[in-house]
There are 4 protein chains.
Amino acid sequence: MAGSVNKVILVGNLGKDPEIKSFQNGGRIANFSIATSESWKDKMSGERKERTEWHNIKIDNDNLIRVAEQYLRKGSKVYVEGQLQTRKWQDKDGNDRYTTEVVVGRFNGTIELLDRREGGGMSGGGDYDQSRGGNDYSAPARNSAPPTRKPSFDADLDDDDVPF
Amino acid sequence: MAGSVNKVILVGNLGKDPEIKSFQNGGRIANFSIATSESWKDKMSGERKERTEWHNIKIDNDNLIRVAEQYLRKGSKVYVEGQLQTRKWQDKDGNDRYTTEVVVGRFNGTIELLDRREGGGMSGGGDYDQSRGGNDYSAPARNSAPPTRKPSFDADLDDDDVPF
Amino acid sequence: MAGSVNKVILVGNLGKDPEIKSFQNGGRIANFSIATSESWKDKMSGERKERTEWHNIKIDNDNLIRVAEQYLRKGSKVYVEGQLQTRKWQDKDGNDRYTTEVVVGRFNGTIELLDRREGGGMSGGGDYDQSRGGNDYSAPARNSAPPTRKPSFDADLDDDDVPF
Amino acid sequence: MAGSVNKVILVGNLGKDPEIKSFQNGGRIANFSIATSESWKDKMSGERKERTEWHNIKIDNDNLIRVAEQYLRKGSKVYVEGQLQTRKWQDKDGNDRYTTEVVVGRFNGTIELLDRREGGGMSGGGDYDQSRGGNDYSAPARNSAPPTRKPSFDADLDDDDVPF
DNA sequence: TTTT
DNA sequence: TTTT
């Protein structure tokens, strides 16, 4: 439909490391979920309440997948701009089921990393280690390499535009 | 979680008239769905493709419900700003199911009517009367009542702020 | 700066037909301004007040310029997504001056036409003729050609993607 | 004009501490500017280019002013949602001048702090202490006070809703 | 289920 | 004037 807009803007934290899936045709996809939360004071009871919402993010753009792979970890704070898509699938009993995702696509959408710094070499996964010194919630820095340049990118960048 | 954002921005057309539900405690809710669609040219085949997406909108604010009731109809084009919420429910077999909605709430969100005219009583379908003289921006359909003020409102308006 | 976002979302009406400027290097630019307005009830006086804001839009993308040229007219209602840019220039006295524009660029941004229909052949300009029957505020339809397909496009489309 | 939208979404860093102005009628205003920046690879030269944009933010809501006062500092990273307003003023020669600001108002807009930690008294610059143990998400700088609750708030909150 |  |  001409004259329509489908846009989602989220700022939240990853619940787990991203999952990358590869397909036989060479295509790849990255999935992760992020939590947003809000708190308010209930008018009736006067209590402070909080609600956390989880959002399924699907990245369908090679450059962004590469960045997600390298930089996003459990706990990372990100700005996500994408569009809503509801997928139909069938459970084991053959019933129709629907899942709504925020898709950061080939031709639209963005991801911006909002963490102040993220060290390189984070292969080991994002186990959250409270005792570990001096690190931001998310990115385990296993070495003393200088902070990597922070990726900033849109879905429409071609390879040459990736800033690293 | 502080420091988070959960925002959806849609422009699309209502698939049906809104449904209003009343609860025993006096509360009300309006539901409708809107379609957004995009078209693109497939890189491989060169064909033009189109994809339509349906979004469930839930309005949880008295003023906006009143406006939806009066002004929104099947086919109406609207700007919707709300937040994503996924609700858990159980089907008849007791299985968990999830439905994602765009909620225009008590304290956030907006709806803007984008149709040029909105006369009263257009439930019977949106027959656009070409022969009618004058201007869509101001002219009400079917009667000589003075032009209805076009509703423009945010979720945080109290009653006195409703412009009609 | 990595991790930054600069986004403007407007829905409003063009104050005049777009102006297209051509440069010696073959480049082109489209400029127009759109009005947004809001009304509210003053808490003190109880009066209803209204404020109209004008926004300078600059289009810096060939496909979008072509569409603006063909479809946008004084009064057209549009959704504009772009970014804020402040330009420095000098007045005749050599004083620095600044102008802020919403730029719909080569690699980001969108324009969506929100008018229900727009006839073809709008060469004559957008004089607003109240006495003219059955037309939407904006687009004078000087012939009986069937309504043109409504353009829907992003800044990153290449030529082949333009839907007409 | 009904049916219009005027929305700006920015994520960037404060260039200086906020300035608070008080008026004789007891009203207050907070001003600060934030930088957003983008980088891209020039198609012609192949060089990487960068452009930084400065945005004037004006906060016109008591709760948000209080938060800005307490939490925002030079270098703070924030999400700002507001609307565009262009103000006319006169320079010393009596010439009309225009300044465009992003206004986070009484009834709309939001500010979200995106920094992992916000301790007190960081006016002296954002020296990030690598050697400090523990976790940025919760640990206040420079003292052993319990973690400050991170402010999350909308323009429409009344006093009781401020989360601290 | 809309719209073009 | 920020940040990377």
Side-chain angles (χ1 to χ4, degrees), chain A residues 1-6 71 86 112-119 146-153 163-164, chain B residues 10-19 31-39 48-57 72-78 80 114-115 125-126 128, chain C residues 1-6 71 86 112-120 146-153 163-164, chain D residues 10-19 31-39 48-57 72-78 80 114-115 122-123 125-128:
Chain A
M1 181 188 326
S4 72
V5 173
N6 176 356
Y71 293 94
T86 298
E112 297 286 337
L113 255 121
L114 302 177
D115 290 315
R116 284 283 176 184
R117 44 178 206 131
E118 60 283 330
T148 326
R149 204 187 182 306
K150 193 173 242 153
S152 173
F153 45 86
F164 45 80
Chain B
L10 302 171
V11 173
N13 299 280
L14 275 78
K16 292 187 186 171
D17 288 3
E19 279 178 37
N31 285 292
F32 55 89
S33 57
I34 68 174
T36 58
S37 114
E38 53 179 344
S39 66
R48 179 144 290 279
K49 300 204 169 180
E50 181 157 3
R51 178 190 168 90
T52 294
E53 196 68 39
W54 286 96
H55 310 271
N56 300 313
I57 314 296
L72 300 189
R73 291 293 175 270
K74 176 180 178 177
S76 299
K77 195 185 220 35
V78 286
V80 173
L114 302 176
D115 289 315
Y128 182 75
Chain C
M1 180 189 322
S4 73
V5 174
N6 176 357
Y71 294 93
T86 298
E112 296 285 338
L113 254 118
L114 302 177
D115 290 315
R116 283 283 177 183
R117 39 176 213 134
E118 58 285 330
T148 325
R149 207 188 179 305
K150 194 172 241 155
S152 173
F153 44 88
F164 44 81
Chain D
L10 302 170
V11 173
N13 299 280
L14 275 78
K16 293 187 184 170
D17 288 3
E19 280 177 36
N31 285 292
F32 55 88
S33 58
I34 67 173
T36 58
S37 112
E38 52 180 342
S39 66
R48 179 144 291 281
K49 299 203 167 179
E50 181 157 3
R51 177 190 170 90
T52 295
E53 194 69 39
W54 286 96
H55 310 272
N56 300 314
I57 314 294
L72 300 189
R73 289 292 175 273
K74 177 181 178 177
S76 299
K77 194 186 224 26
V78 286
V80 173
L114 302 176
D115 290 315
M122 344 188 264
S123 66
D127 36 308
Y128 183 75

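To find a chain, count down the sequence lines: A is the first, B the second, and so on, and within it residues start at 1. As a basis for the values below, the full set of heavy atoms in this structure was taken, side chains included, without hydrogen atoms, waters or symmetry mates. Every value quoted in this text rests on a predicted model; they were computed, and no experiment measured them.
Between B/D115 atom CG and E/dT3 atom P there is a gap of 10 Å when expressed in whole angstrom units. If you measure from atom OH of A/Y71 to atom C1' of F/dT4, you get 11 Å, rounded to the nearest angstrom. One atom, CG of B/L114, and another, C1' of E/dT2, lie 14 Å apart when rounded to the nearest Å. One atom, CG of B/D17, and another, P of E/dT3, lie 11 Å apart when rounded to the nearest Å. Nucleotide F/dT2 holds its P atom 16 Å from the CZ atom of D/R73, rounded to whole Å. Taking atom NZ on B/K77 and atom C1' on E/dT1, their separation rounds to 15 Å, with Å as the unit. To the nearest angstrom, C1' of E/dT3 lies 13 Å from NE2 of B/H55. Atom pair D/E19:CD and F/dT1:P shows a separation of 14 Å (rounding to whole Å applied).
Between B/W54 and E/dT2, no base-stacking contact is recorded for ring centres under 5.5 Å apart and planes less than 30° from parallel.
The base of E/dT3 lies outside donor-acceptor range of the side chain of A/S4, with no N or O pair under 3.5 Å.
Taking the side chain of D/K74 as heavy atoms from C-beta on, and the options E/dT4, E/dT2, F/dT2, the nearest nucleotide is F/dT2. Across F/dT1, E/dT2, F/dT3, the shortest atom-to-atom separation from the side chain of D/S33 is found for F/dT1. The D/A35 side chain lies nearest to F/dT2 when the options are E/dT2, F/dT1, F/dT2. Checking F/dT4, F/dT1, E/dT1 against the side-chain heavy atoms of D/E50 singles out F/dT4 as nearest. If you check E/dT1, F/dT1, E/dT3 against the side chain of D/K16, the one that comes closest is F/dT1.
Taking each heavy atom of B/P18 and B/L72 in turn, the nearest pair found is CD-O, 3.2 Å.
Two residues are said to be in side-chain contact when any heavy atoms from C-beta on lie closer than 4.5 Å; A/N6 and B/E38 fail this criterion.
Among the atoms of the strands shown, none is found under 4.0 Å from any heavy atom of D/I34.
The backbone N or O of B/K77 sits less than 3.5 Å from a side-chain atom of B/D115, completing a donor-acceptor pair. A donor-acceptor pair under 3.5 Å is formed between the side chain of D/D17 and the backbone N or O of D/K74.
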